[in-house]
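These numbers come from the heavy atoms of this one structure, side chains and all, not from hydrogens, waters or symmetry mates. Counting starts at 1 for both ligands and their atoms, in listed order.
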Amino acid sequence: MIKKILIANRGEIAIRVIRSCREMGIKSVAVYSEADRTSMHVRSADEAYYIGPSPSNESYLVIDNIIEAAKKSGADAIHPGYGFLSENAEFSDRCKKEGLVFIGPSAYAINTMGDKITARKKMLSAGVPVVPGTTEPIIDLDEAVKYIHKIGLPVMIKATAGGGGKGMRLVTKDEDIVSAVTSAKSEALAAFSNGDVYIEKYINSPHHIEFQIIADNFGNCIHLCERECSVQRRHQKVVEETPSPIMTPEVRQEMGKHSVAAAKAVNYSGAGTIEFIVDDNLNYYFLEMNTRLQVEHPITERVVGIDLVKAQINIANGEKLEFKQEDIKQTGHAIETRIYAEDTDNNFMPSAGTIENITEPLGLGVRHDGYVYAGYKIPIYYDPMISKLIVWASTRSEAIARLKRALYAYKITGIKTSIPFLYRILDVPDFVNGTYNTHFIQDNEELLKQKQNALQRVEDIASIAVFVDYLNNINKHNNQHYCKPKLDSWKAFGRKRNVTHL
Ligand code: MV4
């Protein structure tokens, strides 16, 4: 039985895992780097262990340090969160060897899905549709050119060790084939120490739709429906929603079955995600599998009513899935926006600094998964995502209205955030109508630019009010009133007058 879990992560996801641990009566152990001594996850956990200097390759990515902390604390399991060591096969294996339960899939599942060529082969033999293309690395350039002529341009050259857009080239012209293959290979070799690349037919303006699956260690696997993740910027998701505005019950059922088949093909255990690209005619193709809990998991939790972290822990504990496919129903609509510490009106520059004040949105249907607090200095070493704002309502249009209300109420001073940009997304006709694809942000660049709308004017008035307060404080200070209680004259009667009157 798992009694104590070490969370090998930081920020909002560490706090998210700690919350489920507390509800389940499981003790939680935080780990922290130098820069994270004052981080919220350290305070939220039952215990905390220092694991090294601020750069993640000296702390959150050092397997030995994390195992040592787990041993010292007496934890019996490790939750890796997302990022860091979450998709590291060596870490999964090492936990097992040390007698610690890794709350995630086997090294075999991570390795098979991590190598895109191997994953494509596996999916083909499991009957899952993959993007038309090759299933062997390009060895001979002439043969690659011949193959591309056969399937026709445009194509994408992708690194087998890639994913998330790294080591990828779009080829639209015959004369670019050789240089694209050559540069993709050298980029992949430099980035992943593996220069193998393969060919895929290019799917124009696709949707990114992913399916959540959960599987236990007894061969049971179900899907928890889809998430629409097409609002992305430079392969970073910005808004996610479920259900997808373009999904139909028939396609959902079919894609769900293929997602379960994909997971079963690698004996998957735990929570995972099957990513598809989908064209306008709802033809769908397997892209990759994420063998971890994802950032956007809360929208699924809300719409299907399952605590995914609790499910992960129960599975790792050797329990059977407590739900059957026919128990899974989507209720209402959920949307998540990721809040980044960045200046969206200045080329999305990271906005480091100290949070002066934060007012988190509350109210019906609002969930805020964050970790920053007033006075917190955002470290430069890690991802600039500071929180996720998730709303739920019974319909999509109500959910959009609720999200706008919550973004409006969300006030952070001291740093710039993506909140104003997110608000503008919710007003763009393609978003409102649910007719967007992965080119949404590019296609709506002009509409997404800062403009003097009603919200902006209210923000300006709020800023002026804060400044007036600030000036008043300076005046008080000059008159030595600062931090001293004001005494009405009748209260001051009979006392030594130490208050300078204006
Ligand atoms: C593609 C594609 C079109 N055709 N593959 C980008 C990230 C990586 N996971 C795969 N990606 C793409 N692969 C073929 N054959 C278009 C993209 C793509 C994309 C995919 C999902 C979400 C956002 C995207 C943004 C640009 C390109």
Could you identify the single nearest non-hydrogen protein atom to atom 19 (C) of ligand 1 and state the distance to 0.1 Å?
Thr438 CG2, 4.3 Å

Between Tyr371 and Met385, which heavy-atom pair has the shortest distance, and what is it?
CE2-O, 3.9 Å

Heavy atoms only: which of Glu288, Lys201, His439, Met156 lies closest to atom 15 (N) of ligand 1?
Lys201

Ligand-residue contact atoms, ligand 1 with Val131, heavy atoms, under 4.0 Å
15 (N)

Ligand 1 atoms nearer than 4.0 angstrom to some heavy atom of Gln232 are 22 (C), 23 (C)

How close does the nearest protein non-hydrogen atom get to atom 18 (C) of ligand 1, and which residue and atom is it?
His235 CE1, 4.4 Å

Nearest-contact summary for atom 16 (C) of ligand 1 - protein heavy atom, Å:
Pro206 CG, 4.0 Å

Any donor-acceptor pair under 3.5 Å linking the side chain of Asn444 with the backbone of Leu447?
no

Test the Arg120-Tyr285 pair against the cation-pi criterion, namely NZ or CZ under 6.0 angstrom from the six-membered ring centroid and within 45° of the ring axis.
no

Need the ligand 1 atom indices (1-based, order shown) with element for anything under 4.0 Å from a heavy-atom of Ile203.
3 (C), 4 (N), 14 (C)

Nearest protein heavy-atom contact for atom 20 (C) of ligand 1: which residue, which atom, what distance?
Ile277 CG2, 4.0 Å

Contact atoms of ligand 1, heavy-atom distance to Leu287 under 4.0 Å:
9 (N), 10 (C)

Go through ligand 1 atom by atom and flag the ones less than 4.0 Å from a non-hydrogen atom of Met168.
6 (C), 8 (C), 10 (C), 11 (N)

